[in-house]
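What's counted below: heavy atoms across the whole structure, side chains too, no hydrogens, waters or symmetry copies. Remember, it's 1-based here, ligands and their atoms both numbered in the order they're listed.
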Amino acid sequence: MQNIKEQLEQALKSATTAEQVEQIRIDFLGRKGSITLLAKNADFSKMSVDEKKNFGRNLNELKQFATQEITKAAEACKAATVHRKSNDLDLTAPGKGRRLGALHPITLVQMELEDIFQGMGFSVVYGPEIESEYFCFEALNIPHDHPARDMQDTFWLKNQLILRTHTSANQVRTLKRFGAPIRAIFPGRCFRYEAIDPSHENTFYQCEGVVVDKDISVANLVAIMRVTLSQVFKRDVKVRLRPGYFPFVEPGFELDLNCLLCGGKGCPTCKNSGWIELIPCGLIHPEVLRHGGIDPKEYSGFAFGVGLTRLAMMKFGITDIRYMNCGDLRVNEQFSTLM
Ligand code: FA5
């Protein structure tokens with residue numbers, strides 16, 4: 001018994017894991033363990049009464065000792081494991097479970113435009129993406145035989161509604177709702193049934209703007225555009241107007257930006273012209289004002305339609321429009337820190 005006790009103490013000293021302690025329990029107290037076999041193999045017939053008593057008492061003490069020591073060792077192993085695990089936990093390590101997204105480059109530019117225009121007293125108004133033919137075309141003086149109303153250019157829904165092809169659809173809605181005088185921008189998503197290439201998408205963003213007040217002229221339009229673009233590109237910019245045709249403005253223009261890359265000398269980006277076509281605009285057609293419930297004899301106004309997607313591409317140097325809708329977070333992550 002003394003031998004077995006010493007063997008047990010030795011074994012427990014070198015055990016470091018709960019599994020090793022469990023094996024020791026099996027080796028000593030299990031069905032075939034050395035302590036269990038002591039009792040099974042004892043030849044009581046050859047023992048005196050006193051020897052039997054002694055044997056029984058010593059065996060019980062050994063069992064108790066073994067049980068106690070093994071339990072102690074098992075608890076010590078358990079505590080050591082918890083301690084080891086909590087030591088592995090580094091509360092200062094950066095989180096790795098959740099990945100935060102980033103704002104889309106178009107959203108960044110939209111938010112910037114909203115700030116700039118709000119600073120000039122404009123309201124921001126959002127219109128519906130699903131529109132009626134009336135607001136998208138008819139109220140804007142776009143006749144029935146105009147190609148924009150063709151199935152080839154417009155997504156028609158089954159209920160005769162359409163996906164708006166431009167944010168100009170919100171002009172008459174807003175004039176009807178708020179009346180004159182008004183300064184407002186309408187940023188939003190537009191849809192055209194177009195073949196996709198590096199500069200054309202079927203789903204893109206525009207930011208429309210209108211100002212209606214007394215004595216509004218082309219000079220006001222140019223001033224607002226120049227201030228806005230200077231703030232967007234964070235430097236003084238030059239702009240020019242060329243004639244352009246849109247049925248809902250008269251006169252209509254294409255506003256060009258002096259090329260920021262070559263300073264107007266001519267480069268591949270501006271196709272050697274020194275100018276980049278940027279914002280279609282013009283004075284609001286009297287017919288459109290009338291649809292909006294505004295008397296064109298009393299009020300005049302201007303409207304413009306910035307291609308927000310293309311503006312974001314210019315601002316961030318994105319060369320292919322297809323990155324914009326690809327849904328890959330790696331695209332977004334590159335721009336959120338640049339503003
Ligand atoms: C219009 O949509 C007019 N509603 C703009 C306007 C507003 C004129 C107010 C006058 C007064 P346009 O079709 O040119 O015009 O589009 C305006 C801008 O939207 C373009 O300059 C371009 O930047 C952007 N755009 C048009 N089609 C696409 C497309 N498929 N993909 C990406 N951007 C586009």
Under 3.5 Å: N/O of Thr309 near N/O of ligand 1:
no
Counting heavy atoms only, which part of Cys190 comes closer than 4.0 Å to ligand 1: side chain, backbone, both or neither?
neither
Side-chain donor-acceptor pair under 3.5 Å between Arg57 and Asn54, yes or no?
yes
Quick one: nearest non-hydrogen protein atom to atom 4 (N) of ligand 1, plus distance?
Ser168 OG, 2.7 Å
Under 6.0 Å from the CG atom of Asn41, do we count more than 12 heavy atoms belonging to anything else shown?
yes
Tell me whether Phe248 reaches ligand 1 (any heavy atom closer than 4.0 angstrom to a ligand atom).
yes
So which heavy atom in the protein is nearest atom 17 (C) of ligand 1, and how far is it from that ligand atom?
Gln206 NE2, 3.3 Å
Counting only N and O atoms by type, is there a donor-acceptor contact under 3.5 Å from the side chain of Thr228 to the main-chain atoms of Ile224?
yes
Would you say Glu254 has any N or O atom under 3.5 Å from an N or O of ligand 1, going by distance alone?
no
For ligand 1, is any non-hydrogen atom under 4.0 Å from Phe304's backbone (N, CA, C, O), its side chain (CB onward), both, or neither?
backbone
For atom 15 (O) of ligand 1, what's the nearest protein heavy-atom neighbour? Residue, atom name and distance, please.
Phe246 CE2, 3.5 Å
Those atoms of ligand 1 less than 4.0 Å from some heavy atom in Glu208
7 (C), 9 (C)
Any side-chain to backbone donor/acceptor pair from Arg164 onto Gly127? Under 3.5 Å, distance only.
yes
Ignoring hydrogens and angles, state whether a donor on the side chain of Asp43 or Ser45 is under 3.5 Å from an acceptor on the partner side chain.
yes
heavy-atom search around atom 14 (O) of ligand 1 in the protein gives Pro280 CG, 3.9 Å
Which residue supplies the protein heavy atom nearest to atom 33 (N) of ligand 1, what is that atom called, and how far is it?
Phe204 CD1, 3.5 Å
Which part of Val249 is near ligand 1, with near meaning a heavy atom under 4.0 Å away: side chain, backbone, both or neither?
side chain
Tell me whether ligand 1 is touched by Cys281 - counting only heavy atoms on the residue side and a distance under 4.0 Å.
yes
More than 12 heavy atoms of other residues, nucleotides or ligands under 6.0 Å from NZ of Lys53: yes or no?
no
Do ligand 1 and Glu201 have nitrogen or oxygen atoms that lie under 3.5 Å from each other?
yes
With nothing but distance in play, are any N or O atoms of His200 less than 3.5 Å from an N or O of ligand 1?
no
Go through the steps for Gln64 and Asn60 under the test side-chain hydrogen bond (donor to acceptor under 3.5 Å, both in side chains), then give the verdict.
CA-CA 6 Å; Gln64 263 178 19; Asn60 270 343; over 6 Å; no
Identify the closest protein heavy atom to atom 12 (P) of ligand 1: which residue and atom is it, and at what distance?
Arg192 NH2, 3.9 Å
Salt bridge check, Asp153 against Arg192: does any charged N sit closer than 4.0 Å to a carboxylate O?
no
Where's the contact between Thr165 and ligand 1, heavy-atom distance under 4.0 Å: side chain, backbone, both or neither?
neither
If the cut-off is 4.0 Å to any non-hydrogen atom of Ile321, which atoms of ligand 1 fall inside it?
31 (N), 32 (C)
Taking the basic N atoms (NZ, or NE/NH1/NH2) and the acidic carboxylate oxygens, is any pair closer than 4.0 Å for Lys297 and Asp295?
no
Taking only non-hydrogen atoms of Gly307 and a 4.0 Å limit, the atoms of ligand 1 in range are 18 (C), 19 (O), 23 (O), 24 (C)
Is there a donor-acceptor pair closer than 3.5 Å between any side-chain N or O of Ser123 and the backbone N or O of Ala184?
no
Who's the nearest protein heavy-atom neighbour of atom 20 (C) of ligand 1, and how far?
Arg310 NH1, 4.1 Å
Does Ile130 have more than 12 heavy atoms from other residues, nucleotides or ligands lying within 6.0 Å of its CD1?
no
Partner of Thr16 under side chain to side chain donor-acceptor pair (under 3.5 Å), picked from Gln20, Glu19, Lys13, is Gln20
